[in-house]
Amino acid sequence: MLGTTSARRLIGTATAVAASLATLLTAAPQAAAAENYDRCPAGRLCVFQYGDFKGKMEIVSSSRPTLGIWNNSISSFVNNSDLYVAMAQDPEFGGEHYYISPHSGPNDLSGGTIGRQWDNRISSIRVATTDYEVTQGVPWMEWFVQDHEKRPAGLPAVAQFGDLNNDGRPDLLERADDGRLWFLSGIGDADWVTKGKLVGGGWNAMTQLTRHGDYNGDGKEDIYARDRSGVLWFYPGRGDGTFGDRVKVGGGWNSMREISAAGDLNGDGRRDLLARDTSGVLWSYPGNGRGVFGDRVKVGGGWNVMNQLASPGDLNGDGKADLVARDGSRNLWLYPGNGRSNFAGRTKLPYAWPADAPVLATGDVNGDGISDLMRPIDSQLFAYFGDGRGGLGSPYADMLWDTARNVRVF
């Protein structure tokens with residue numbers, strides 16, 4: 001169901017997203033003489049003075065709130081780049097917008113029903129690496145948590161993850177397509193606009209990102225990241241949504257197909273890590289309370305039948321960290337933790353969970369003291385609230401979602 005909060009948040013954005021999709025469908029490249037539109041280099045966005053890609057040409061590589069001599073003087077363009085583009089009729093990205101998808105090729109605005117409406121009527125251009133940023137004007141996704149949606153005090157440690165700034169509210173991290181990492185506290189302004197905090201850039205160099213809880217004993221949530229060479233790094237949280245100097249955990253982690261920060265799996269009060277190797281064996285790495293791990297413990301083989309793992313914390317209310325896993329038939333399974341680095345017999349969770357949509361475990365989303373799950377459906381992210389007995393409620397629309405290839409929310 002769509003809650004009141006979500007319905008109010010979506011007012012003013014649904015029209016823009018719908019307009020974007022409609023325009024992208026209709027803005028198909030039109031035929032032109034190769035010697036004209038081929039003037040635009042590969043990987044670039046180019047605008048032209050006249051129709052048929054004639055006259056002056058200029059390469060556009062960044063957003064332009066005003067166009068100077070190009071104001072109301074663009075009659076054709078070519079998008080050979082991986083950028084999403086919004087061309088606006090007014091300066092500062094105001095008025096009506098014409099949305100263009102990456103690598104959409106040549107488009108002559110001087111002809112055709114849609115193009116003729118935009119010929120020599122463009123006054124600003126916004127470019128971005130994601131459809132969300134180009135349509136909404138901000139690089140982070142919208143996520144707004146109401147003030148009353150806070151965790152109650154006194155929860156067991158196994159349920160206390162997802163809060164990066166220690167304000168008692170669930171938080172998200174979002175890696176944008178260009179590698180920027182954003183902290184989303186869930187706090188917005190009076191207009192229901194989410195505030196994003198830039199953690200830093202360069203995070204698209206990491207092939208795995210995972211978090212959930214305090215791994216070095218300082219009471220602040222941390223994250224782990226694996227780089228392209230297979231080195232696993234520990235980033236200690238500062239308690240404000242950002243992170244301190246990273247610590248090298250070790251190399252050779254490219255042998256792992258998936259890594260998941262799982263909480264306390266062995267009952268020693270320290271957070272542990274799960275990792276599935278490329279042969280399908282699942283391993284538990286017991287935390288030592290300083291951000292690194294002791295000798296690993298084999299959980300078992302055959303896990304390659306699963307295409308994603310997620311660690312929700314305590315989903316069934318027994319005070320032990322659990323695991324969920326999605327198989328190739330769109331089934332999601334709950335593996336209850338036994339407190340000894342392994343799991344009891346699995347149970348099937350409701351709903352179908354497509355392989356092209358991630359399963360997100362972000363702790364207690366709605367502040368009722370029970371772990372939840374989230375997943376995107378088209379342009380929305382939905383929360384599935386846990387019932388505290390290992391079950392899930394019906395989907396609840398929680399935030400807008402971007403489908404760009406390298407966007408990661410966790």
Considering all heavy atoms, the nearest [X]-[Y] contact:
X    : Y    : result
M87  : I125 : CG-CG1, 4.2 Å
S124 : F93  : OG-N, 3.0 Å
R330 : P354 : NH2-CG, 3.4 Å
Q380 : L400 : OE1-CD2, 3.8 Å
V199 : W182 : CG2-C, 4.2 Å
A357 : Q308 : O-OE1, 4.2 Å

In sequence, state the C-alpha distance, the side-chain angles, and the governing distance for V231 and V249, and then conclude on side chain to side chain contact (heavy atoms under 4.5 Å, CB included).
CA-CA 7 Å; V231 174; V249 176; over 6 Å; no

Interatomic spacing from [atom1] in [X] to [atom2] in [Y] - rounded to 0.5 Å:
X    : Y    : atom1 : atom2 : answer
T130 : Y84  : OG1   : OH    : 7.5 Å
M256 : R226 : CE    : CZ    : 9.5 Å
L315 : I370 : CG    : CD1   : 9.0 Å
D90  : T66  : CG    : OG1   : 13.0 Å
N120 : N72  : CG    : CG    : 7.0 Å
R121 : I74  : CZ    : CD1   : 13.5 Å

Just by distance, do the side chain of [X] and the backbone of [Y] share a donor-acceptor pair under 3.5 Å?
X    : Y    : result
D177 : V407 : no
D272 : G287 : yes
S260 : L274 : no
D108 : G51  : no
N266 : S341 : no
D364 : S371 : no
N79  : G105 : no
S75  : D119 : no
D402 : Y132 : yes
E221 : G213 : yes

In terms of side-chain geometry, is the basic nitrogen of [X] or [Y] positioned less than 4.0 Å from the acidic oxygen of its partner?
X    : Y    : result
E174 : R408 : no
R64  : E58  : yes
K320 : D318 : no
R180 : D178 : yes

Tell me, do [X] and [Y] make a side-chain contact under 4.5 Å, heavy atoms counted?
X    : Y    : answer
I223 : L173 : yes
L45  : N80  : no
T278 : N304 : no
D214 : K220 : no
Y99  : S101 : no
L360 : V409 : yes
R126 : S63  : yes
S394 : P350 : no

Establish, for the pair R246 and Y235, whether the NZ or CZ atom is under 6.0 angstrom from the six-membered ring centre and no further than 45 degrees off its axis.
no

Using the ring of W203 (Phe, Tyr or Trp, six-membered ring only), decide whether R175 places NZ or CZ under 6.0 Å from its centre and within 45 degrees of its axis.
no

Give the ring-plane orientation class for F77 versus Y98, where under 30° counts as parallel, over 60° as perpendicular and anything between as tilted.
perpendicular

Hey, what's the ring geometry for F293 with Y215, parallel, tilted or perpendicular (30° and 60° as the breaks)?
perpendicular

With ring centroids as reference points, do [X] and [Y] lie under 6.0 angstrom apart?
X    : Y    : answer
F385 : Y396 : yes
W353 : Y384 : yes
W303 : Y335 : yes

For L273 and W283, run side chain to side chain contact (heavy atoms under 4.5 Å, CB included): C-alpha distance rounded to whole Å, both residues' side-chain angles, the deciding distance at 0.1 Å, then the answer.
CA-CA 8 Å; L273 199 72; W283 301 90; over 6 Å; no

Test salt bridge (charged side-chain N to carboxylate O under 4.0 Å, His left out) applied to D387 and R389, step by step:
CA-CA 6 Å; D387 63 8; R389 302 181 302 276; 3.4 Å; yes

Where do C46 and M57 land on the side chain to side chain contact (heavy atoms under 4.5 Å, CB included) test, with the steps shown first?
CA-CA 7 Å; C46 307; M57 184 194 81; 4.0 Å; yes

Verdict with reasoning, F382 to W401, per ring-ring contact (aromatic ring centres under 6.0 Å, His included)
CA-CA 9 Å; F382 286 80; W401 180 261; over 10 Å; no

Verify side chain to side chain donor-acceptor pair (under 3.5 Å) between N307 and R326, making sure each step is shown before the conclusion.
CA-CA 6 Å; N307 52 45; R326 182 185 60 204; 2.6 Å; yes

Determine, step by step, whether D240 and T242 satisfy the side chain to side chain donor-acceptor pair (under 3.5 Å) criterion, reporting the C-alpha distance in whole Å, the side-chain angles of both residues, the deciding distance to 0.1 Å, and the verdict.
CA-CA 6 Å; D240 62 357; T242 63; 2.5 Å; yes

Write out all pairs satisfying ring pair (Phe, Tyr, Trp, His ring centres under 6.0 Å) with one or both partners inside residues 238-280, taking only residues at least two apart or from two chains.
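Pairs touching residues 238-280 that pass the test: W253-Y285.
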
For L309 and L282: C-alpha separation, side-chain torsions, deciding distance, then whether side chain to side chain contact (heavy atoms under 4.5 Å, CB included) applies.
CA-CA 10 Å; L309 308 177; L282 186 65; 3.8 Å; yes

Under 3.5 Å side-chain donor-acceptor pair for D277 and S255:
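There is no such pair between these side chains.
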
